[in-house]
Protein chains: 2
Amino acid sequence: MVTSMTDAANTNEPRPYHHGDLSRALVEAARRLLEQDGPSALSLRAVAREAGVSPAAPYHHFKDKGELLDAVAHEGWEMLNVRMTEARARETTLGDKLTALGVSYVQFAREHPALYRVMYDCSREKATLPEHLHEADDSAYCQVRDVITEVGGGPMNELDIELATTAAWCAAHGLAEMVAFKQFDPMKEQLGGDEAFLRGVFTHLGIFGHMNARALT
Amino acid sequence: MVTSMTDAANTNEPRPYHHGDLSRALVEAARRLLEQDGPSALSLRAVAREAGVSPAAPYHHFKDKGELLDAVAHEGWEMLNVRMTEARARETTLGDKLTALGVSYVQFAREHPALYRVMYDCSREKATLPEHLHEADDSAYCQVRDVITEVGGGPMNELDIELATTAAWCAAHGLAEMVAFKQFDPMKEQLGGDEAFLRGVFTHLGIFGHMNARALT
DNA sequence: AATACATCTTGACGGCGTTCAGATAGGTGC
DNA sequence: GCACCTATCTGAACGCCGTCAAGATGTATT
């Protein structure tokens, strides 16, 4: 059983007493464990082991385990932002942009299921989604809201925009969780592929279907 | 610190050596802890304590902790089924029935957030939703599918029905999770109440908005 | 009454998150 | 170059957890 090459634990030169940038190393170790063995394997002690330090070392950089997970989750949201920004830029019409945002969101969740779980688990404990989600311009929420605002043009009032964005968010998150439970293989086959399936579901959801219709006609 | 009155641990007559129906008592103890202190307080040892037995006793009735949680989750799904059946029966038009199913789903999730979490956490570990969900006639999924089938009438093919049901499910689950993160107080105020808010979001979601329009016109 | 069986307890194991006293090293002023 | 301060890391400990094996205690069967 050989561990990761980036694992500082079993290099021969055993590491200087002071690590240098342990908080960074811890977050990366956590991400590695998460991708390899899932959320249940993500104990603070395991992270410390993976980073090659004692179980107590993380406490000089994070208040507790939750704060480390917060850092991991934060990275996750940033990755998601990048992903959605790219997907949005690839499309030309507003309807396509909106669908692309939704599809890329779900694809991210499926490619990084453990990370996606941590992102929401952290929010659950604080009973609130991260602030930057509703503020940073490139945040997933703001991007969706922007496109919806543009699609709606003048007629949509503030309340409707927030409602519609919330609805879209719920739909995307719901679908992201569902694809972790079910494979939907029969549907995928009939629709000819994975992305077609995702588009199919989104088309059945008002924000997307409705908007697409409006944008395309 | 006085514990629950149903707690068998501190009755004076300390309990017969053989409990009688421990598996039932354990599930109920688990539910009590869940409602009172949330999912994080739900350790096997705590459940055993609450039921007034030793930490090892549960292993004569459940293979491991997961199997106990499965039993709790199963009860949760049944409660949800009842809730949705009632909500559906209260309405007359198909559109109203569909919206009522969605609203009652989300309300259940908010009233029993810890139980709702356990229901999905159990599914996550097995990477599949419980079978009865797609089979039992009164299951949440089947109820939604039935109404959608009726609304669609003849024109909807099998694939579209499953897609639409999946979409509705995702939307409801997504919203159910969102209300655990955000209070949406500003929106609720503007819309005049909690249920109005939920209806508002669902109206923005295709299955519901679209269906309502079709059913009402 | 004797025997088999189900059920519950006791005690133990390793792993967890967390804390605290003490070891180690880099940085600062002399 | 040296002493000191502070940040960082270690080691050992605490109480909790899930789980298991061995033994105690009732119930059921014969």
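Naming: A, B, ... by sequence-line order, numbering from 1 per chain. Heavy-atom basis, side chains included; hydrogens, waters and symmetry copies ignored.
The separation between A:Leu44 atom CG and D:dC9 atom C1' is 15 Å, rounded to whole Å. Computed from coordinates, the A:Asp21 CG to D:dT8 C1' distance equals 13 Å when rounded to whole Å. At whole-Å resolution of the value, CZ in A:Arg45 and P in D:dC17 are 16 Å apart. Here the P atom of nucleotide D:dC17 and the CG atom of B:Asp37 are 12 Å apart, to the nearest Å.
By the salt bridge (charged side-chain N to carboxylate O under 4.0 Å, His left out) test, A:Asp194 is found to be paired with A:Arg110, A:Lys188, residues two or more places apart in sequence or in another chain being considered. Remark: A:Glu195 pairs with A:Arg199 by the salt bridge (charged side-chain N to carboxylate O under 4.0 Å, His left out) rule, at least two apart or across chains. For A:Pro113, the side-chain contact (heavy atoms from CB on, under 4.5 Å) test picks out no residue, with sequence neighbours left out.
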Please table the atom pairs, donor to acceptor, closer than 3.5 Å between any side-chain atom in residues 176-186 of chain A and protein atoms at least two apart or in another chain.
| from | atom 1 | to | atom 2 | distance (Å) |
| --- | --- | --- | --- | --- |
| A:Glu177 | OE1 | B:His173 | NE2 | 2.5 |
| A:Glu177 | OE2 | B:Arg124 | NH1 | 2.8 |
| A:Lys182 | NZ | B:His134 | NE2 | 3.3 |

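The shortest distance between the side-chain N/O atoms of B:Arg49 and the OP1/OP2 oxygens of D:dC16 is not below 4.0 Å. For the OP1/OP2 pair of D:dC9 and a distance below 4.0 Å, the side-chain nitrogens and oxygens of A:Ser54 include no atom meeting the criterion.
When distances are taken from the side chain of A:Leu22 to each of D:dC9, C:dG17, D:dG18, the shortest belongs to D:dC9.
Of the residues in residues 56-69 of chain A, those with a non-hydrogen atom less than 4.0 angstrom from any atom of DNA chain D are A:Ala56, A:Ala57, A:His60, A:His61.
The stretch residues 60-72 of chain A participates, sequence neighbours left out, in these side chain to side chain donor-acceptor pair (under 3.5 Å) pairs: A:Asp70-A:Lys126.
Judged by distance alone, the side chain of A:Glu50 and the main-chain N or O of A:Ala29 form no donor-acceptor pair under 3.5 Å.
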